[in-house]
Novice: 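One structure coming up, written as structure tokens, with questions to follow.
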Amino acid sequence: MPGPRSAPFPGRSRSAILCGPDDPRHPAPAFRSVPTGPLHLGGARTAMYNWAAARALGGAFLLRIEDTDQARSTDASLQVILQGLRWLGIDWDEGPEKGGDFGPYFQMQRLPLYRQAAERLLASGHAYPCYCTPEEIEAGRKVLEAQKTGFVGYDGRCRELTAAQRAGFAAAGRRPNLRFRMPQARALQVHDLILGDVEVNTRDLDDWVMLRPDGVPLYNFACVVDDIGMAITHVVRGNEHFQNGIKQRLLFEALDAECPQYAHIPLILNKEGKKLSKRDADTNMLDYRDKGFPPEAVFNYIALLGWGFSGDRDLFSRDEMVAAFRIENVGKAGAKFDEEKLRWMCGEYLRRWTPAQCLERARPWLQAAVPAAAFTTHAGWLQNVVACYQERVALYSEFAGRIGWLFGEHVALDEAARKNLGKEPAAADWLRAYADELAAANLPPSYPQDRTAADAAVALPSKKDAPEPACAFDTPARIEARTRAFTERLGVKFGNFVHPLRAALTGTDKGPGLFDVVFLLGRQTCLARLRAAAGG
RNA sequence: GUCCCGGUCGUCUAGUCCGGCCAAGGACCCCAGAUUUUCAUUCUGGUAACACGGGUUCGAAUCCCGUCCGGGAUACCA
């Protein structure tokens, strides 16, 4: 996707900055990720809004890795973040493992660019060396605090150092940080795509550190140099960066560069209403993947935390979001994460897939309950099994715990099943008779025998008014008709018969329609379980 | 402390810019009922909110002011 985005630093020299109004940039929102931990909910949403903005604008979506916090950045974290984004379906046009014309996309590989910009700022007087030790800075802050003037921060004691004083510090072996010289008490009105017009005053901000003595830049500085270098047009980020945005605007100005459009989105809150942090449980994207959440649902749900497709519709696809997305429509208020609604949404998505699709997606978790060979020898049967549970579970991981009763000759009875068997004194007799009845029927064979013909012909779960499929074996509908006739002959109410029958067959009191159960279990298993329940 | 932002059902939100169509709509949750061989799905109905106080106006959830509450920032983290 080549665009008219022009390189502000052609050939990476620092000679020219070319992103003025006459040089329309290709929309290029960027998600900046810090590889110091997993991709969490908030980060994922921020990435998503950047992504959606880029796609909606027809621009490029960049992924930049801000790894200047060397003590905490790890390659493992980077991999986890990349996987998390991909799992959600958020793909980037430029960035790690992808490249692009505006790289490198790792800040630690861009050190010379920061150095160049720093020299330029030093020469123009927008930056100055600060020789203060952490202790001196802290002491200055304490004084300001005691004065109760309001402002608390760096007191600017190195702001107007003479050349001699600087030489003195240098001679004493002090290595300076580079600070940005903030305009003093300048009122400015800034426009934010989400917050609207906001008035701020630079007197509430201090001279901030841009570059460490070792040449590693700090966030605000690296960010601006890279936004210029990568011709970033839109910055969508968490609201906690709003003040940084002010500092950054001033730096763009000092560098004669055009500032991107900022959109500061509200934070995702935890149950206590506080900023969701990496320390809050269950915020790692890959945990959701591993727990069997459909990524489409997680994507949809996270998007909904602050943005809506329309007033009366909660469910939408990635494509629909891109078509309708406008960053200005993201809300201003923080949103609490609601696991219940996410879960509901998971169920909604899970029910949309065909049984074959669902089986495929659930397979990693199903393997705990289903013999490996069954996936090839009994694909049709497994599809029917999965289909019977699609309306009963919300996560891919939940099938495995429900379908154990389908395997093995016999089944263990849970408490509810025992109760249902014991309620009717004649249950054993009924079941024995019913076993004989089924023996005379034409049930499909039981797993692990080949029953392909049966499963190919009948699609479960059975629906009320569905046409009767052509099948060489008895279908659920025929089994039901036969069973109703049987109970009539026996003189037992159908409603009373059904409970012990289910208990004997499945070992529990929940599950698919009873005759789907009989069909799924097949002849041998049904007979074995009925006779076992009847006491042999 | 100071600066900035926010505040509609328990939760996510529509409506707020351009005041009347809002005795506030949708969704999740919850409750009741229908269907039914269980559970679930589905369907129907229900409970539930404009933070508070002043203005402006014929009329305010919507505009203005104040208060309260909540959050964020105030790093040689991002």
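Proteins get letters first, then strands, A, B, ... in listed order; numbering begins at 1 in each. Reckoned from all heavy atoms, side chains included, excluding hydrogens, waters and symmetry mates.
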Novice: When rounded to the nearest 0.5 angstrom, what distance separates CG in A/L178 from SG in A/C130?
Specialist: 9.5 Å
Novice: Just checking A/F515: base, sugar-phosphate only, or nothing, at a heavy-atom cut-off of under 4.0 Å?
Specialist: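 A/F515: base contact, heavy atoms under 4.0 Å.
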Novice: Under 4.0 Å, heavy atoms only, any strand: does A/F242 hit a base, just the sugar-phosphate, or nothing?
Specialist: sugar-phosphate
Novice: What's A/E340 touching, base or sugar-phosphate or nothing? Going by heavy atoms closer than 4.0 Å.
Specialist: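 Touches sugar-phosphate only.
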Novice: How is A/D509 classified with respect to the nucleic acid when contacts are heavy atoms under 4.0 Å: base, sugar-phosphate, or nothing?
Specialist: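 It contacts base atoms.
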Novice: How is A/L514 classified with respect to the nucleic acid when contacts are heavy atoms under 4.0 Å: base, sugar-phosphate, or nothing?
Specialist: base
Novice: A/P512 near the nucleic acid: base, sugar-phosphate alone, or nothing, with a heavy-atom cut-off under 4.0 Å?
Specialist: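 A/P512: base contact, heavy atoms under 4.0 Å.
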Novice: Distance to the ring centre below 6.0 angstrom and angle to the axis at most 45 degrees; does that hold for A/R179 and A/W208?
Specialist: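 No - A/R179 does not lie over the ring of A/W208 by the 6.0 Å and 45° rule.
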Novice: Taking B/rC3 as the reference, what is the distance to B/rU47 when you measure between their C1' atoms (whole Å, please)?
Specialist: 42 Å
Novice: Please verify the inter-ring angle class for A/Y262 with A/H264; under 30° counts as parallel, over 60° as perpendicular, anything in between as tilted.
Specialist: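 A/Y262 and A/H264: tilted rings.
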Novice: Counting the atoms with a prime plus P, OP1 and OP2 as sugar-phosphate, which does A/E348 contact under 4.0 Å by heavy atoms, base, sugar-phosphate, or nothing?
Specialist: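 A/E348: backbone/sugar contact only, no base atoms under 4.0 Å.
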Novice: For nucleotides B/rC21 and B/rA60, find the distance between their P atoms and express it as a whole number of Å.
Specialist: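 Pairwise P distance, B/rC21 against B/rA60, rounds to 11 Å.
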Novice: With a 3.5 Å limit on both atom pairs, tell me what B/rU37 is paired to, counting Watson-Crick and G-U wobble, or say none.
Specialist: none
Novice: Using the side chain to side chain contact (heavy atoms under 4.5 Å, CB included) rule, pick out the option among A/V235, A/I65, A/L63 that qualifies with A/R32.
Specialist: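 When A/V235, A/I65, A/L63 are each tested with A/R32, the side chain to side chain contact (heavy atoms under 4.5 Å, CB included) holds only for A/V235.
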Novice: Identify whether any heavy atom of A/R32 sits under 4.0 Å from a base atom; if not, whether one sits that close to sugar-phosphate; answer base, sugar-phosphate or nothing.
Specialist: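 The residue A/R32 makes no contact with any strand.
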Novice: Tell me what A/G513 touches on the nucleic acid: a base, only sugar-phosphate, or nothing, going by heavy atoms under 4.0 Å.
Specialist: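 Base contact.
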Novice: Remember a base hit wins even if backbone is also touched, and classify A/E199 as base, sugar-phosphate or nothing at under 4.0 Å, heavy atoms.
Specialist: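 Sugar-phosphate contact only.
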Novice: Say you pick atom P in B/rC5 and the same atom in B/rC65; how far apart are they, in whole Å?
Specialist: 12 Å
Novice: Given the P atoms of B/rU13 and B/rU36, what is the spacing between them in whole Å?
Specialist: 40 Å
Novice: Identify whether any heavy atom of A/G308 sits under 4.0 Å from a base atom; if not, whether one sits that close to sugar-phosphate; answer base, sugar-phosphate or nothing.
Specialist: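 Nothing, no nucleic acid heavy atom in range.
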Novice: Between A/F106 and A/R64, is there a cation-pi geometry (under 6.0 Å to ring centre, at most 45° from the normal)?
Specialist: no
Novice: How far does the P atom of B/rG46 sit from the matching atom of B/rA24, given to the nearest Å?
Specialist: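 Between the two P atoms, the distance is 13 Å.
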Novice: Could you check whether the side chain of A/N177 and the base of B/rC76 have a donor-acceptor pair of N or O atoms closer than 3.5 Å, going by distance alone?
Specialist: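 Pair found.
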Novice: Quick one: label A/H241 by what it contacts on the DNA or RNA (base, sugar-phosphate, nothing), any heavy atom closer than 4.0 Å.
Specialist: base
Novice: Taking any heavy-atom pair under 4.0 Å as a contact, classify A/T508: base, sugar-phosphate, or nothing.
Specialist: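 No contact.
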Novice: Could you tell me whether A/N244 contacts a base, only the sugar-phosphate backbone, or nothing, with contacts defined as non-hydrogen atoms closer than 4.0 Å?
Specialist: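 If one applies the 4.0 Å heavy-atom cut-off, A/N244 turns out to touch a base.
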Novice: Nearest of B/rG10, B/rA73, B/rC76 to any side-chain atom of A/R179?
Specialist: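 Nearest listed nucleotide: B/rC76.
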Novice: Name the residue closer to the 5' end of RNA chain B, choosing between A/W307 and A/V198 according to the nucleotide with the nearest heavy atom.
Specialist: A/V198
Novice: Given the rule in the side chain to side chain contact (heavy atoms under 4.5 Å, CB included) test, do A/L269 and A/F337 qualify, once you have shown the distances and angles that lead to the verdict?
Specialist: CA-CA 6 Å; A/L269 279 13; A/F337 185 75; over 6 Å; no
